[in-house]
*Asks:* 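Before I ask anything, let me first share the structure, which is written out below as structure tokens.
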Amino acid sequence: MRRTRPGPTGERHWRGGFYELVLLMDGGDEERLGEGVKALAAAAGLSGATIVTAAGPVAPDLTTHEGQRLAAVALAQGRQLRGRVLLPDARESACGVLLLRDAEDAVEAPGAEQVGAVARAGHSLVLFLPLAGLASAGVDVGGFPFGDESGGESLAWRRPLDEWLARIGRVVHASVPFRRAVIGFDVAGDDELPVVTGRSAPAPRDRAFLVPEPDGLVYVAADV
């Protein structure tokens, strides 16, 4: 692991809330978490990964076992991994990875049968994209999530982003399976909505989902 200077994604890129891919995973050890970080970083094409420490930013090499271990330890300690990703249009945006451990899993998931207000999860591995960073990369976020731009009109830019994040989720799931994925604005740790299961999706939906089914992952798009 080498020390490095902060990347070009300054503080102005980290404003306005976060657009997220949340992977809800069963509990695992440090090695499994490291594998999840490796798979997520590779699938998203994360570059310039750094961990902020008291001694300054440190850059783990996520292609090595030691770098993955150090990243897993940092995430388990509540630190964030920050870096950059190339969006579908090849423009670069700030991004980050964090871990929510032992969170109450009360994110609304596709299904027709409600099975309880909350259920315990192992942990959630979260890839997050700050709205300011997306705007700097040319995504037309406007005043989202406020006003008229918070509804159906925002699907013009959210839908391609959702589909790209879903592709990342599919790649991760092939090597590190998860219970489901949730995609949307500030959805990590959302405990306002009931847990539901099954393939039928409730509507309207302000977030997208990836749900493992016997025939593979099912993608359910947001519709508002």
Side-chain angles (χ1 to χ4, degrees), residues 18-29 31-46 72 75 85 87-88 95 97-129 151-152 154-224:
F18 302 100
Y19 212 83
E20 299 163 336
L21 167 64
V22 182
L23 307 178
L24 294 104
M25 309 177 78
D26 291 324
D29 56 17
E31 183 173 354
R32 176 171 169 77
L33 177 56
E35 292 172 352
V37 172
K38 174 187 176 182
L40 181 58
L46 190 151
L75 291 175
V85 290
L87 300 175
C95 74
V97 178
L98 61 83
L99 179 73
L100 296 181
R101 189 180 290 280
D102 295 328
E104 286 187 336
D105 173 12
V107 179
E108 183 182 12
E113 180 184 359
Q114 180 174 327
V115 297
V118 293
R120 284 290 176 182
H123 59 261
S124 297
L125 193 59
V126 183
L127 173 68
F128 60 94
L129 306 163
S154 66
L155 289 174
W157 63 266
R158 286 168 49 215
R159 188 158 285 156
L161 192 61
D162 287 353
E163 292 171 353
W164 172 67
L165 291 170
R167 290 195 295 272
I168 292 172
R170 289 183 183 278
V171 174
V172 173
H173 189 267
S175 57
V176 184
F178 48 78
R179 290 186 291 112
R180 69 178 182 276
V182 188
I183 301 168
F185 177 72
D186 281 354
V187 293
D190 185 344
D191 58 2
E192 299 294 325
L193 300 172
V195 175
V196 290
T197 59
R199 188 160 180 168
S200 301
R205 298 178 302 279
D206 65 351
R207 61 201 66 191
F209 303 93
L210 276 176
V211 183
E213 294 283 349
D215 296 331
L217 287 176
V218 175
Y219 175 66
V220 182
D223 59 8
V224 294

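All figures in this text were calculated on a predicted structure; none of them were measured in a lab.
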*Asks:* On a heavy-atom basis, which atom in Leu21 and which in Gly169 lie closest, and how many Å separate them?
*Replies:*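 In this case the closest contact between Leu21 and Gly169 is CD2-N, 4.1 Å.
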
*Asks:* For a quick test of reading the model, state the closest non-hydrogen atom pair linking Leu127 to Ala44 and the distance between them.
*Replies:*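 Looking at all heavy atoms of both residues, the closest pair is CD2-CB, 4.1 Å.
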
*Asks:* Could you give me the CA-CA distance, side-chain angles and deciding distance for Tyr19 and Leu165, then say whether side chain to side chain contact (heavy atoms under 4.5 Å, CB included) is met?
*Replies:* CA-CA 10 Å; Tyr19 212 83; Leu165 291 170; 3.9 Å; yes

*Asks:* So which atom in Val187 and which in Val22 form the shortest heavy-atom distance, rounded to 0.1 Å?
*Replies:*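 The answer is CG2-CG2, 3.7 Å.
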
*Asks:* Walk me through whether Arg158 and Phe185 qualify under side chain to side chain contact (heavy atoms under 4.5 Å, CB included).
*Replies:* CA-CA 9 Å; Arg158 286 168 49 215; Phe185 177 72; over 6 Å; no

*Asks:* How close do Val172 and Ala43 get, heavy atom to heavy atom, and via which atoms?
*Replies:*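 Nearest heavy atoms, Val172 then Ala43: CG2-CB, 4.0 Å.
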
*Asks:* Looking at every non-hydrogen atom in both residues, tell me the closest pair between Phe128 and Val97 and how far apart they are.
*Replies:*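 Shortest heavy-atom contact: CE2-N, 3.4 Å.
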
*Asks:* Do Val37 and Leu99 have side chains that approach each other closer than 4.5 Å (heavy atoms only, starting at C-beta)?
*Replies:*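 No, side chains not in contact.
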
*Asks:* Look up atom CD1 in Ile183 and atom CZ in Arg207, then write down how far apart they are to the nearest 0.5 Å.
*Replies:*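 Interatomic distance, Ile183 CD1 to Arg207 CZ, rounded to 0.5 Å: 11.5 Å.
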
*Asks:* Nearest 0.5 Å, please: how far is CG in Leu210 from CG in Leu23?
*Replies:*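 Spacing of CG (Leu23) from CG (Leu210) equals 8.5 Å.
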
*Asks:* For Arg159 and Asp223, indicate whether the former's side chain and the latter's backbone hold a donor-acceptor pair under 3.5 Å.
*Replies:*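 Between the backbone of Asp223 and the side chain of Arg159 there is no qualifying donor-acceptor contact (under 3.5 Å).
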
*Asks:* Let's go through Leu24 and Val182 carefully: what are the C-alpha distance in whole Å and the side-chain angles of both, what is the deciding distance for side chain to side chain contact (heavy atoms under 4.5 Å, CB included) to 0.1 Å, and is it a yes or a no?
*Replies:* CA-CA 8 Å; Leu24 294 104; Val182 188; 3.7 Å; yes

*Asks:* Who are the side chain to side chain contact (heavy atoms under 4.5 Å, CB included) partners of Val224, not counting sequence neighbours?
*Replies:*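 Once residues adjacent in sequence are excluded, the partners of Val224 under the side chain to side chain contact (heavy atoms under 4.5 Å, CB included) criterion are Pro204, Asp206.
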
*Asks:* Hey, is the main chain of Val218 close enough, under 3.5 Å, to the side chain of Glu213 for a donor-acceptor pair?
*Replies:*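 A pair under 3.5 Å: no.
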
*Asks:* Nearest 0.5 Å please: distance from the CZ atom of Phe209 over to the CG atom of Asp162.
*Replies:*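 Going from CZ on Phe209 over to CG on Asp162, the span is 10.5 Å.
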
*Asks:* Can you find a pair of side-chain heavy atoms, one from Phe18 and one from Val126, that are under 4.5 Å apart?
*Replies:*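 The answer is no, as the side chains (C-beta and beyond) never meet within the 4.5 Å cut-off.
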
*Asks:* According to side chain to side chain contact (heavy atoms under 4.5 Å, CB included), who are the partners of Pro212, at least two apart in sequence or on a separate chain?
*Replies:*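 Here the qualifying residues are His173, Arg180, Leu217.
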
*Asks:* Can you tell me how far the CG atom of Leu129 sits from the CD atom of Glu20, to the nearest 0.5 Å?
*Replies:*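 It is 9.0 Å, given to the nearest 0.5 Å.
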
*Asks:* Return the minimal non-hydrogen interatomic distance between Val85 and Cys95, and the atom names on each side.
*Replies:*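 Nearest pair, atom of Val85 first, then Cys95: CG1-SG, 3.5 Å.
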
*Asks:* Taking only residues two or more places apart in sequence or in another chain, which ones pass ring pair (Phe, Tyr, Trp, His ring centres under 6.0 Å) with Trp164?
*Replies:*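 Checked Trp164 against ring pair (Phe, Tyr, Trp, His ring centres under 6.0 Å); zero matches.
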
*Asks:* Once ring pair (Phe, Tyr, Trp, His ring centres under 6.0 Å) is applied, do any residues pair with Tyr219, and if so which ones, sequence neighbours excluded?
*Replies:*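 Counting only residues at least two positions away or on another chain, Tyr219 forms no ring pair (Phe, Tyr, Trp, His ring centres under 6.0 Å).
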
